[in-house]
Protein chains: 2
Amino acid sequence: MEVKNNPTMEIVILETAERLFLEKGFSMTSTTEIAKEVGCNQALIHYYYRTKENLFNVIFETKFREFFRSIFELENVKGLNFTEKLTYIIGSHFDMVRKNPKIPILIFNEFTRNPDMVSSLKSKLAGVVSQITTTINTELQNEIKAGRIREISMTDLIFSVISSNISLFLILPVVSGILSLDEQQKEIFINHRRDENIRIILNGIKP
Amino acid sequence: MEVKNNPTMEIVILETAERLFLEKGFSMTSTTEIAKEVGCNQALIHYYYRTKENLFNVIFETKFREFFRSIFELENVKGLNFTEKLTYIIGSHFDMVRKNPKIPILIFNEFTRNPDMVSSLKSKLAGVVSQITTTINTELQNEIKAGRIREISMTDLIFSVISSNISLFLILPVVSGILSLDEQQKEIFINHRRDENIRIILNGIKP
DNA sequence: AGTATGTTTAATAGCTCTATTAATTTAATG
DNA sequence: CATTAAATTAATAGAGCTATTAAACATACT
């Protein structure tokens, strides 16, 4: 009965794998490569995680959950009116995606690579989704009744926010590649699109 | 000096490869699998296309060009006012993406798999982009001056249209997997989002 | 010191993939 | 029919990948 004294290797492997999987996807990343990057023997990866698939799943589940849990940060919105609330929500969702720009494409790819995985994730999401929906749905309905917002469902609103925010970071590599943007120009572009996304949605739901 | 009598195999290979590459991406598709699907010997693929990379590039270049050339169909918009024009453009862009829902993710993945490819495609796009921009930019500026549209650049407008349209088809597999939507429900959802995308953008650029 | 337990490595089996080469089949031509 | 070129296949080299196994190493405990 030993106490794990230094679980460093196990963790280093996980972190390195996470980085590589996010950079290059599941199939383009080999356990051999992970081991080389970590600086350990390739068998060690299988010692801790048994299979590559399993290692990936550990990472994927974490990231997937993380990503969806923090879809909308609803802590700091008390005391704001609806427009202010929405502005804050869209912005903080944008910032979250900005911090994890590679996760969406990882998810999309994983869904085509392994469609069976869907079922195992369904349950985990149900709660999160309904929580978000109900939290501000009442307020949305009030705004609509008051005629300050056009008829639109919560689902559609959320969908539009997520769409515009994630797609920026999907398209960005292509655009910045084609236009040869440097890091600074990219930053400017990102910040500009942050404002634009907020603006187009706020305006887009007006009556 | 023979005349190619039946180039069927060459073409069948190309079409099958296209389907598989779009379904599962570059690295998840093997030449062995393509051959099996075509019903020919695996060496035949290399006989016609030499390398898998090369076969992919042939397909990718075509699809990429096709996708960008038809980004905006500007044929049938004469005689319409600006709002009608924009409605038509967003809708037909949506329909184009709907017909080729897998191309965007193919492009995004290819850009991370092989960043060098960017340079070879730069030139091919310059023309297309500027053409689109200039065609309706004058009109957009007029609308802005007339106070019917808020201050927004052509680039931002195009960006928002492309974003909302492609991201639907990226997210769809995830959403429909989680919500277990059948084909009919998917159709309804897609059509609904088509309207919603048009609406949010038209509204989103109002003053 | 010696044993037990957990960690790490070396070696390798077994598979699949890409690409090439040589041989075989098919089709066209004089 | 014989010849020639193109299309197709069989066979295989060579590489990389995943996963397993047994051995070596390290560490803690009695």
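First the proteins, then the strands, lettered A, B, ... as listed; each starts at 1.
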Quickly work out the [X] [atom1] to [N] [atom2] distance and round it to whole Å.
{"X": "A:Ile11", "N": "C:dT8", "atom1": "CD1", "atom2": "P", "value": "12 Å"}
{"X": "A:Lys36", "N": "C:dT9", "atom1": "NZ", "atom2": "P", "value": "15 Å"}
{"X": "A:Leu44", "N": "C:dT7", "atom1": "CG", "atom2": "P", "value": "9 Å"}
{"X": "B:Ile45", "N": "D:dT9", "atom1": "CD1", "atom2": "C1'", "value": "13 Å"}
{"X": "B:Asn54", "N": "C:dT18", "atom1": "CG", "atom2": "C1'", "value": "14 Å"}

Angle between terminal axes - the helix from C:dA1-D:dT30 to C:dG30-D:dC1, 5 pairs each end, rounded to 10°
10°

Is the closest side-chain donor-acceptor distance between B:Thr31 and B:Gln42 under 3.5 Å?
yes

Applying side-chain hydrogen bond (donor to acceptor under 3.5 Å, both in side chains), can you list everything that pairs with [X], at least two apart in sequence or on another chain?
{"X": "B:Glu53", "result": "B:Arg113"}
{"X": "A:Asn191", "result": "A:Arg98"}
{"X": "A:Thr29", "result": "none"}

Lys/Arg-Asp/Glu bridge criterion (N-O < 4.0 Å) met for B:Glu183, B:Lys186
yes

Show the atom names and distances, to 0.1 Å, of all donor-acceptor pairs under 3.5 Å that link a side chain in residues 165-173 of chain B to residues at least two apart or in another chain.
unit_1: B:Asn165; atom_1: OD1; unit_2: B:Asn197; atom_2: ND2; d: 3.2
unit_1: B:Asn165; atom_1: ND2; unit_2: B:Ile90; atom_2: O; d: 3.4
unit_1: B:Asn165; atom_1: ND2; unit_2: B:His93; atom_2: ND1; d: 2.7
unit_1: B:Ser167; atom_1: OG; unit_2: A:Ser163; atom_2: OG; d: 3.3
unit_1: B:Ser167; atom_1: OG; unit_2: B:Ser163; atom_2: O; d: 2.7
unit_1: B:Ser167; atom_1: OG; unit_2: B:Ser164; atom_2: O; d: 3.4

Can you check each nucleotide of nucleotides 13-23 of chain D against protein heavy atoms at under 4.0 Å and return B for base, S for sugar-phosphate only, - for none, in 5' to 3' order?
----SBBB---

Between B:Tyr49 and C:dA19, does any side-chain N or O lie under 4.0 Å from OP1 or OP2?
no

Side chain to side chain contact (heavy atoms under 4.5 Å, CB included) assessment of A:Glu110 paired with A:Phe56:
CA-CA 10 Å; A:Glu110 183 56 11; A:Phe56 181 82; 3.2 Å; yes

Would you give the length of the straight line joining atom CD of B:Glu139 to atom CG of B:Leu80, rounded to the nearest 0.5 angstrom?
9.5 Å

